[in-house]
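In what follows, chains are A, B, ... by sequence order, proteins preceding strands, each numbered from 1. Atom set for the values below is all heavy atoms of this structure, side chains included, hydrogens, waters and symmetry mates excluded. Since the model is a prediction, treat every value here as computed from it, not as a measurement.
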Amino acid sequence: MTQSPELNDASPSTDDLLNELRWRGLLHQITDEEGLGKLLSSGPQTIYIGFDPTATSLHVGSMMQLMMLRRFQRAGHRPIALVGGATGMIGDPSGKSEERNLLSAEQLQLNVDGVAAQMRRFLQFEGEDGFEGKNGALLLNNFDWMQGYSYLEFLRDVGKNFPVGTMMGKESVRSRLNSEAGLSYTEFSYMLLQAYDFVHLSREHGCRIQAGGSDQWGNITAGIDLGRRMTGQQLFGLTAPLLTTSDGKKMGKTENGAVWLDPERTSPYAFYQYWVNVADDDVMRCIAYLTEIEKDEYDELAERTEQSAGERAAQKRLAQWMTTLVHGEEGIESAQRATQILFGGELGNTTDDQLREIFADVPSCDISQDQIDGDGLWIVEALQLAGLCSSGGEARRSVKENSIYLNNCRVTDEQKRVVGSDFDGRSVIVLRRGKRKYALLKLVAGAAN
RNA sequence: GGGGGUUUGCCCGAGUGGUUAAAGGGGGCGGACUGUAAAUCCGCUGGCUAUGCCUACACAGGUUCGAAUCCUGUAGCCCCCA
């Protein structure tokens with residue numbers, strides 16, 4: 001069942017790449033499909049996708065793009081992950097708070113470093129240990145070539161080649177002009193920067209293909225136009241559909257915010273759970289867009305989802321594939337172990353260490369020995385300390401509602417005191433409210449809190 | 001500038017002097033059911049170690065034994081006249 005998504009798996013040949021992208025539904029728009037096909041089969045090509053280095057971690061929203069690059073790399077092409085250090089510095093000038101959008105050079109470097117580390121899960125970079133191929137991925141930062149580019153020079157080289165009329169015709173520009181927010185000159189210029197990236201990469205790295213989400217179509221075609229004007233060379237663009245849920249929302253968002261790839265921000269368990277909980281209507285699309293699960297298995301999973309949705313075979317497979325890719329074997333194992341305990345009930349003889357690991361990303365509070373000595377700690381108070389209830393009234397209520405569990409055993413007595421024996425030889429107590437809200441009480445030496 | 005209306009708990013929205021911590025709905029939180037789902041059904045939804053006490057119906061003051069409900073002033077929103 002466990003199939004490690006290694007890059008060294010048998011790769012589809014160049015000729016098959018477009019077919020694969022096609023059955024996966026990843027081809028939203030292509031500038032010149034026939035021409036691109038010819039280009040790809042003429043030999044290894046270079047393709048780039050831009051990423052915004054807005055944080056030290058990528059999130060689920062970037063995964064389609066990373067997988068796209070990965071698919072090209074597996075087919076023998078060279079991927080370039082371009083981080084937008086320059087464009088990120090300009091940011092989104094929404095008006096009032098100018099200070100919040102400016103990324104400092106140091107922060108930018110931190111972000112780039114963090115993001116680059118995560119990209120290694122998806123791509124094999126040039127010079128990386130054990131990678132022999134000639135198509136090692138490159139990580140480039142447009143800040144490197146933009147920072148020394150003077151405004152005057154830029155206007156003469158690039159701006160000159162941008163007919164305002166054409167830009168005004170772009171959907172991305174028009175919709176903003178009609179909106180209340182309007183469009184600032186800086187935002188308007190954003191397109192020029194991104195277009196120039198493409199030209200720069202085509203010159204310096206022979207990169208003739210840019211991919212991206214369908215929202216990037218305008219920027220990509222702007223780059224292609226600029227390339228034709230500045231170099232006379234034909235460039236190609238393709239976009240993938242945006243990954244949205246069946247009710248039209250962006251994937252990768254939860255009540256708690258984005259689902260990150262960084263295990264410090266989103267634990268492997270939470271990451272795994274996110275995919276397990278994908279709606280039936282969305283799961284096959286996720287598998288097609290985000291994984292390398294082959295057509296045969298895809299069809300089989302689609303069939304099983306159709307026949308016995310309750311089994312959620314597709315969700316589990318998706319979660320397993322994604323978690324293994326992002327968090328490795330250890331990640332998927334701990335996520336699955338945690339899932340068992342968190343949904344299975346019985347703590348049984350789970351050891352202290354295992355408990356602490358399983359509940360690692362669950363809120364906890366420290367309590368001291370003297371708090372459980374004597375009469376012990378009143379359950380109502382414990383629930384508040386643990387953050388499961390925000391007031392005493394709410395805590396009493398939830399006990400009355402039969403929703404409180406101590407070490408996964410239901411608490412029915414409102415007067416229950418937590419005492420030493422509840423620790424059952426361990427150093428933590430698992431409190432739970434409802435089906436899935438957990439908190440830990442950790443016994444620590446010394447004074448309370 | 002003049003006249004009229006409105007302001008309720010997380011949100012919407014009843015309530016016009018007396019069990020009103022405030023109907024109803026939404027949301028949220030639980031429970032049952034289930035697929036860790038959707039739908040459905042049921043309960044809870046100001047605070048307090050609590051048969052009681054405190055704080056709440058824009059804000060401040062007043063009338064009353066008693067006010068979210070009446071009066072005055074202040075502020076916000078809406079409409080009409082100029």
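Heavy atoms of A:E394 sit nowhere under 4.0 angstrom from any nucleic acid atom. Across all strands shown, A:K437 has heavy atoms under 4.0 Å from sugar-phosphate atoms exclusively, and none from any base.
Ion pairing between A:R22 and A:E33 holds under the 4.0 Å rule for side-chain N and carboxylate O. Using a 4.0 Å cut-off between charged nitrogen and carboxylate oxygen, A:R24 and A:E20 count as a salt-bridge pair.
For A:R397, a side-chain nitrogen or oxygen approaches OP1 or OP2 of B:G47 to under 4.0 Å. Close to B:A37, at under 4.0 Å from its OP1 or OP2, lies no side-chain N or O of A:R312. For B:C48, the OP1/OP2 oxygens have a side-chain nitrogen or oxygen of A:S391 closer than 4.0 Å. Taking 4.0 angstrom as the limit, A:K316 places none of its side-chain polar atoms (N or O) nearer than this to OP1 or OP2 of B:G35.
Remark: P of B:U49 and CG of A:L385 are 13 Å apart, rounded to the nearest angstrom. Whole-Å rounding puts the A:D281 CG to B:A38 C1' distance at 10 Å. Here B:U34 presents its P atom at 17 Å from CZ of A:F343, a figure rounded to the nearest Å. Note: CZ (A:R433) to P (B:C29) measures 9 Å, nearest angstrom. In this structure, the CH2 atom of A:W275 is 24 Å from the P atom of B:G35, given to the nearest Å. In this structure, A:K400 atom NZ and B:G30 atom C1' are separated by 13 Å, rounded to whole Å. Counting to the nearest Å, the P atom of B:A38 and the CG atom of A:D280 are 11 Å from each other. Atom pair A:L388:CG and B:G28:P shows a separation of 19 Å (rounding to whole Å applied).
The nucleotide whose nearest atom lies closest to any side-chain atom of A:R396 is, among B:U49, B:G31, B:G43, B:U49. Taking every side-chain heavy atom of A:R436 into account, B:U36 is the closest of B:U36, B:C48, B:U49. Counting only heavy atoms from C-beta on, A:Q273 has its side chain closest to B:U36 among B:C44, B:G31, B:U36. Between B:U49, B:G47, B:G30, one nucleotide has an atom nearer to the side chain of A:W378 than all others, and that is B:U49. Between B:C44, B:U36, B:G35, one nucleotide has an atom nearer to the side chain of A:T339 than all others, and that is B:U36. Nearest to the side chain of A:E381, among B:C44, B:U49, B:A37, sits B:U49. Looking at the side chain of A:Q315, the nearest of the listed nucleotides B:U36, B:C44, B:G35 is B:G35.
In this structure, CD in A:E297 is found 9.0 Å from CZ in A:R304, a value given to the nearest 0.5 Å.
Nucleotides B:U72 and B:U45, compared at atom C1', are 37 Å apart to the nearest Å. Annotation: B:U7 and B:G28 have their P atoms spaced 27 Å apart (nearest Å). One P atom belongs to B:U20, the other to B:G30, and the distance between them is 30 Å to the nearest Å. A distance of about 29 Å separates the P atoms of B:G43 and B:A50, rounded to the whole Å. B:C57 and B:G17 have their C1' atoms separated by 15 Å, with the value rounded to a whole Å. Atom name P, nucleotides B:G13 and B:G25: the rounded distance is 16 Å, in whole Å. A distance of about 16 Å separates the P atoms of B:U64 and B:U69, rounded to the whole Å. Using P as the reference atom, B:A58 and B:G9 are 8 Å apart when rounded to the nearest Å.
Considering all non-hydrogen atoms of both residues, A:V418 and A:D422 come closest at CA-OD2, 3.4 Å. Contact between A:L58 and A:Q118 at its shortest, heavy atoms only, is N-OE1, 2.7 Å. Of all non-hydrogen atoms in A:S398 and A:C389, the two that sit nearest each other are OG-SG, 3.5 Å.
Stem regions for RNA chain B, each three or more consecutive Watson-Crick or G-U pairs with both distances under 3.5 Å and listed by first number, read B:1-7 with B:75-81, B:10-12 with B:24-26, B:27-32 with B:40-45, B:46-48 with B:52-54, B:58-62 with B:70-74.
Heavy-atom distances to RNA chain B give each of A:E401 and A:V380 a nearest nucleotide, and the one nearer the 5′ end belongs to A:E401. Nearest-nucleotide assignment on RNA chain B puts the 5′-proximal partner with A:S398, out of A:Q384 and A:S398.
With hydrogens and angles left out, the side chain of A:E311 and the base of B:G35 share no donor-acceptor pair within 3.5 Å.
Counting only heavy atoms from C-beta outward, the side chains of A:I404 and A:K416 never approach each other to under 4.5 Å.
Between A:W275 and A:F271, the ring planes lie perpendicular to each other; the angle is over 60°, past the 30° to 60° tilted range. Relative ring orientation between A:H59 and A:W260 is described as perpendicular, the plane-to-plane angle rising above 60° on a 0-90° scale split at 30° and 60°.
Between A:F198 and A:Y48, the ring center distance clears the sub-6.0 Å criterion.
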